[in-house]
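Written below as structure tokens is the structure these notes are about.
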Amino acid sequence: TSSRRRPSGRGSFSINKTLFTKPIPVLLFLIPFTIYLKSLAPTITPGDSGELISAAYTLGVPHPPAFPLYVLLGRLFSLLPLGEIAYRMNLFAAVCGGLVGMLMFLTLIQEIKPKPIVVIGVLFFTFMPGIWMQMNRSEVFCLYLVILAAIFSVFLKYERANKLLTFLLALGFTVHPWLALSHFILVAYLLLKRKVRLFPLLFNFTGLFFMYFILPLRSIQHPFVNWGQPDNIARFIKVVFAYKYQGLLSPSWLNFTQFKGYLVNISQQYTYAGMLLVAVGAYLAIKRLQKLNWLVLAVLKIGRASCRERV
């Protein structure tokens, strides 16, 4: 009798557990995390740090669009019996930084076989000044990058994990609705290329959108931080869609001047030599990886631009 070859399972969602038992993924969590921990801000830093820490600790409503997932997870970290409350929240950012490094490795190692190249690339990214700056203080972009890395990991590795992918897309919206810009591209890809049914997509998005209803529930209790007081429908919509900042989809931050600023910031992060390597790497990746097409690059561009000058 002839024996059939068992499918490899690539494309279905079955995590290779050996990846987590091997030292490299663990090290690529521990190395960035340890360095971020050594450089961790001991207390509140300039910017939105103080407001976000206060909002997380008191389960309040920070500035629009309010970041409910960040507030809920930050609340958990604020309860750790370690140092001051600000230090605990800054620790949250360092943990996110370690997770980004590990997720990047687990994604790239499936397609790029020389492990040293992948390790160097991951460390190069995690210790870019703009990334490092987000991982040693309280800012929403640390969690933003974790969700973005998880989305890329699932999208590139698992063709059939559409439910998990849509869950992560919806989860990303609760971290920062600017991710919705990249969501439109990925959702279109799922519907047109992977033939995903529309109802499961809508179910995940509407289901997780209910996380935003923590805002009016907390607002009516008058917490210490209560931006926009979203205790009625009109103010709730204004907070979620950041009307204070001319709306999330406002072209004011997508104009040429802003885009030029992004390019200047990226060149400062990578240096011009690094930019050349990035261009060559992107070209080779597009040629080699069928899934790493213009859709993914567009998502990366939008996700990168969404962080604006901060990352």
Side-chain angles (χ1 to χ4, degrees), residues 26-103 123 125-150 171-172 174-176 178 211-212 214-230 239 242 244-245 306-311:
V26 177
L27 285 174
L28 286 175
F29 171 85
L30 291 176
I31 292 173
F33 172 72
T34 303
I35 301 299
Y36 296 149
L37 191 62
K38 290 291 184 181
S39 63
L40 200 66
T43 186
I44 295 170
T45 59
D48 299 329
S49 170
E51 173 208 338
L52 292 171
I53 291 169
S54 299
Y57 184 66
T58 62
L59 284 179
V61 181
H63 68 275
F67 326 110
L69 182 61
Y70 180 86
V71 168
L72 291 173
L73 293 178
R75 169 63 178 171
L76 295 178
F77 271 84
S78 73
L79 298 177
L80 294 175
L82 297 170
E84 298 180 357
I85 296 169
Y87 179 84
R88 303 169 198 170
M89 287 291 296
N90 296 340
L91 181 64
F92 176 29
V95 171
C96 288
L99 289 174
V100 169
M102 186 177 72
L103 284 169
L123 292 177
F125 177 82
T126 54
F127 293 121
M128 283 171 54
I131 300 297
W132 195 336
M133 182 177 67
Q134 301 303 315
M135 303 306 181
N136 57 18
R137 60 177 183 161
S138 297
E139 266 289 358
V140 295
F141 293 114
C142 61
L143 185 58
Y144 178 107
L145 289 171
V146 172
I147 300 297
L148 198 59
L171 196 65
T174 66
V175 175
H176 203 306
W178 276 330
M211 187 178 292
Y212 267 99
I214 190 177
L215 304 183
L217 291 177
R218 288 297 300 155
S219 181
I220 60 176
Q221 299 178 48
H222 306 290
F224 178 71
V225 180
N226 194 13
W227 272 73
Q229 293 184 303
V239 168
K244 176 181 173 62
Y245 306 109
S306 297
C307 291
R308 296 198 274 181
E309 75 281 356
R310 302 190 183 190
V311 177

**Item:** CG on Leu73 to SG on Cys96, rounded to 0.5 Å
**Value:** 8.0 Å
**Asked** Taking all non-hydrogen atoms of both residues, which atom of Gly228 and which atom of Val239 are closest, and how far apart?
**Response** CA-CG2, 4.0 Å
**Item:** Gap between atom CD of Glu84 and atom CE of Met89 - 0.5 Å precision
**Value:** 14.0 Å
**Message:** Test your reading of the model: is there a side-chain donor-acceptor pair from Arg218 to the backbone of Leu59, 3.5 Å cut-off?
**Reply:** yes
**Prompt:** Counting N and O atoms only, with roles assigned by atom type, does the side chain of Arg75 sit under 3.5 Å from a partner on the main chain of Tyr57, one being a donor and the other an acceptor?
**Reply:** yes
**Message:** Test of understanding: with side chain to side chain donor-acceptor pair (under 3.5 Å), list the residues that count as partners of Asn136, not counting sequence neighbours.
**Reply:** none
**Request:** Could you tell me which residues satisfy side chain to side chain contact (heavy atoms under 4.5 Å, CB included) with Ala94, sequence neighbours excluded, listed by chain and number?
**Result:** Phe33, Tyr36, Leu40
**Message:** Test your reading of the model: is there a side-chain donor-acceptor pair from Gln221 to the backbone of Leu217, 3.5 Å cut-off?
**Reply:** yes
**Item:** Closest non-hydrogen atom pair, Ala66 against Val61
**Value:** CB-CG1, 4.1 Å
**Fill in**
Looking only at heavy atoms, the pair that brings Tyr87 and Pro42 closest together is CB-O, 3.7 Å
**Complete:** Nearest heavy-atom contact between Ala41 and Thr45 is CB-CG2, 3.4 Å
**Fill in**
CH2 of Trp227 to CD of Glu51, rounded to nearest 0.5 Å, is 5.5 Å
**Message:** Just verifying a value: how many Å separate Met102 CE and Thr126 OG1, rounded to the nearest 0.5 Å?
**Reply:** 13.0 Å
**Asked** Do the side chain of Arg88 and the main chain of Phe77 share a donor and acceptor less than 3.5 angstrom apart?
**Response** no
**Request:** For the residue pair Val100 and Pro32, establish whether any side-chain heavy-atom pair is separated by less than 4.5 Å.
**Result:** no
**Message:** Show the nearest heavy-atom pair for residues Gly98 and Phe29, with the distance to one decimal.
**Reply:** C-CD1, 3.1 Å
**Single hit among Pro62, Ser138, Ser78 for side chain to side chain contact (heavy atoms under 4.5 Å, CB included) with Ile53** = Ser138
**Message:** side chain to side chain contact (heavy atoms under 4.5 Å, CB included), that's the test. Do Phe67 and Leu52 meet it? Break it down for me.
**Reply:** CA-CA 9 Å; Phe67 326 110; Leu52 292 171; 4.0 Å; yes
**Prompt:** How many angstroms lie between atom CG of Leu143 and atom CG of Leu69, to the nearest 0.5 angstrom?
**Reply:** 5.0 Å
**Fill in**
Interatomic distance, CD1@Ile214 vs OG@Ser219, rounded to 0.5 Å, equals 11.5 Å
**Closest non-hydrogen atom pair between Pro223 and Thr58, with its separation** = CB-O, 4.4 Å
**Message:** Between Thr174 (side chain only) and Leu171 (backbone N and O only), is there a donor and an acceptor less than 3.5 Å apart?
**Reply:** yes
**Request:** Check the pair Ile44, Asn90 against side chain to side chain contact (heavy atoms under 4.5 Å, CB included), reporting the backbone distance first and the verdict last.
**Result:** CA-CA 9 Å; Ile44 295 170; Asn90 296 340; over 6 Å; no
**Message:** Check for me whether the distance between the ring centres of Phe92 and Tyr70 falls short of 6.0 Å.
**Reply:** yes
